[in-house]
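Note that these values count all heavy atoms, side chains included, but never hydrogens, waters or copies made by symmetry.
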Amino acid sequence: MSRRTNGEGSVYRRADGRWTGAHCVLRPDGGRVRRAVYARTQREAVAKLAVLVAKTSAGVPLAVESWTVESYASHWMGHVVAPRLRPSSVSSYRSTLRLHIVPGLGRYPLRRLTPAHVRALLAAKLESGLSVRSVQIVHATLRNMLAEAMRDELIERNVAALVRAPRAEQEEVQPWSPEEAGTFLRSAQGDRLYALFAVGVGLGMRRGELLGLRWSDVDLHRRVVHVRHTAQRVYGHGMVFGPPKSARSRRDIPLPAVTVAVLQEHRRRQEEERAALEPYWQETGLVFTTTIGTVIEPRNLARVLDALIVEAGVRRIRLHDMRHTCASLLLAQGVPARVVMEVLGHSQLGITMNLYSHVMPSALREAADAIDRVLGGQEGAHE
């Protein structure tokens, strides 16, 4: 008995009573080779053959014996990562593979990779001076890639998932004090990017969120900023705009009155710059721009910040530390941690608590005082 369907291979019964199916599958080099499956029943053979057909249609090679870590990494980047993720994430994965995973493990056959190989790679990277966080990224990238190989049924287990990534001690956040923040902002008030730093301290927005902020996302009348876009430099692509990093990052932040005034003055100055440079001004709709209206390069922004810090005579911090400063100021004023989480766009409350627990002594003292008031009152009632 034989059954043939165009594009779906063939299934037939052998002389020994077993069923077999055959289909031309992809090889890693792009060619095709005929591959057979075997089963005790026709239905089982049809199901196994359907898997071969589906994977071939999806561009997944089935000649598993010739896969190496390097060849599968290339396939994974081209067929899984690139079509699904943002350019910034694609660039990060590609860099991690090129610099760390392929040089260390690329020559090994995919099916013969062991936990010992992974453990040795991570240890070597730590010994070379790579930061714990970077080694964690290497481990996560390899784990994600091998998870896809398991879904493709190219390997039976994810050896990276069997290896523990190194653990890093929580880095203590050292934001500006209210006095330092005030000193800096007063000193920077005459700079054309003063509003960017004021918004960074006042709203705790990420660098990419600040650089990607558009006037269409700023409602000064209702006093709210809609965080909908980010801008960042991606290797090989230049400055790239995209959505926020997570669903929680896509948020609406109420504007303090002082920040509204800062943005109103900034828009007036920007309109003057635009009028003075016509027709050379490049309209992008961005709130914070270069002197010709284009998106600001992150490195250039860091240089401006460093220069303004020197002029103000305050402790040097990164732009991202302004985000920490905002959170610390809010928590010190008794704003609930869940509200701070929403303002910052953290995905989980635990992130907020872990980062800023050390700046909440006043809140903890207030909790103790509340217990004193309750228990103290009860003791007085029994006397």
Side-chain angles (χ1 to χ4, degrees), residues 86-89 91-92 175-176 181 184-220 225-245 249-251 253 255 259-312 314 316-326 344-345:
R86 296 180 299 173
S88 57
S89 299
S91 178
S92 177
W176 273 336
F184 172 81
L185 291 175
R186 285 191 296 271
S187 175
Q189 198 161 4
D191 191 85
R192 64 180 303 276
L193 292 180
Y194 162 72
L196 184 151
F197 302 120
V199 171
V201 172
L203 303 186
M205 292 172 63
R206 299 178 178 91
R207 181 184 66 186
E209 295 168 349
L210 290 167
L211 297 182
L213 185 64
R214 293 177 166 94
W215 282 115
S216 58
D217 296 325
V218 179
D219 190 333
L220 295 179
V225 164
H226 308 287
V227 180
R228 299 290 183 268
H229 307 93
T230 65
Q232 55 189 312
R233 171 159 285 284
V234 176
Y235 178 79
H237 294 82
M239 291 298 293
V240 173
F241 291 89
K245 62 182 296 186
S249 298
R250 186 182 176 92
R251 62 200 187 279
I253 309 176
L255 283 170
T259 308
V260 171
V262 167
L263 286 171
Q264 287 173 333
E265 174 61 19
H266 177 72
R267 183 161 62 179
R268 185 192 64 78
R269 289 186 179 184
Q270 190 180 78
E271 289 172 352
E272 291 179 352
E273 288 183 338
R274 180 188 295 107
L277 281 176
E278 287 288 358
Y280 304 106
W281 180 271
Q282 299 183 37
E283 187 54 56
T284 57
L286 296 173
V287 175
F288 307 114
T289 71
T290 65
T291 54
I292 60 172
T294 55
V295 61
I296 300 171
E297 284 278 355
R299 287 185 179 180
N300 293 339
L301 181 61
R303 293 189 189 100
V304 172
L305 175 60
D306 287 344
L308 291 175
I309 285 175
V310 171
E311 291 180 12
V314 295
R316 185 181 183 277
I317 65 171
R318 306 164 301 168
L319 182 66
H320 191 76
D321 294 324
M322 289 187 173
R323 177 171 163 84
H324 295 320
T325 298
C326 173
L344 298 181

As an exercise, state the distance from [atom1] of [X] to [atom2] of [Y], rounded to the nearest 0.5 Å.
{"X": "Thr290", "Y": "Gln282", "atom1": "OG1", "atom2": "CD", "answer": "7.5 Å"}
{"X": "Leu210", "Y": "Met322", "atom1": "CG", "atom2": "CE", "answer": "9.5 Å"}
{"X": "Leu319", "Y": "Ile309", "atom1": "CG", "atom2": "CD1", "answer": "9.0 Å"}
{"X": "Asp191", "Y": "Leu305", "atom1": "CG", "atom2": "CG", "answer": "10.0 Å"}
{"X": "Arg251", "Y": "Leu344", "atom1": "CZ", "atom2": "CG", "answer": "7.0 Å"}
{"X": "Leu220", "Y": "Thr259", "atom1": "CG", "atom2": "OG1", "answer": "10.5 Å"}

Checking [X] side chain against [Y] main chain: does a donor-acceptor pair fall under 3.5 Å?
{"X": "Ser91", "Y": "Pro87", "value": "no"}
{"X": "His266", "Y": "Val287", "value": "yes"}
{"X": "Thr284", "Y": "Gly293", "value": "yes"}

Is the shortest side-chain heavy-atom distance between [X] and [Y] below 4.5 Å?
{"X": "Thr325", "Y": "Phe184", "value": "no"}
{"X": "Val240", "Y": "Ser88", "value": "no"}
{"X": "Phe288", "Y": "Leu213", "value": "yes"}

Quick one: which residue pairs count as a salt bridge (charged side-chain N to carboxylate O under 4.0 Å, His left out) with a foot in residues 280-308, not counting sequence neighbours?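 The answer is Arg233-Glu297, Arg274-Glu283, Asp306-Arg316.
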
With sequence neighbours excluded, tell me which residues meet side-chain contact (heavy atoms from CB on, under 4.5 Å) with Leu277.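 Leu277 satisfies side-chain contact (heavy atoms from CB on, under 4.5 Å) with Trp281, Ile292 only.
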
How far apart are the closest heavy atoms of Pro244 and Arg228, and which atoms are they?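 Looking at all heavy atoms of both residues, the closest pair is CD-O, 3.3 Å.
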
Who passes salt bridge (charged side-chain N to carboxylate O under 4.0 Å, His left out) against Arg269, sequence neighbours left out?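 Checked Arg269 against salt bridge (charged side-chain N to carboxylate O under 4.0 Å, His left out); matches are Glu265.
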
With sequence neighbours left out, what residues match Arg192 under salt bridge (charged side-chain N to carboxylate O under 4.0 Å, His left out)?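 Only Glu273 meet the salt bridge (charged side-chain N to carboxylate O under 4.0 Å, His left out) criterion with Arg192.
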
Side-chain atoms of residues 193-208: list all donor-acceptor pairs with protein atoms under 3.5 Å, sequence neighbours left out, distances to 0.1 Å.
unit_1, atom_1, unit_2, atom_2, d
Arg206, NH1, Glu209, OE2, 2.7
Arg206, NH1, Ser249, OG, 3.2
Arg206, NH2, Gly345, O, 3.4

Go through the steps for Trp176 and Leu185 under the test side-chain contact (heavy atoms from CB on, under 4.5 Å), then give the verdict. CA-CA 12 Å; Trp176 273 336; Leu185 291 175; over 6 Å; no

Residue list, ring-ring contact (aromatic ring centres under 6.0 Å, His included) with His226, at least two apart or on another chain: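 In terms of ring-ring contact (aromatic ring centres under 6.0 Å, His included), with neighbours along the sequence ignored, His226 is linked to no residue.
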
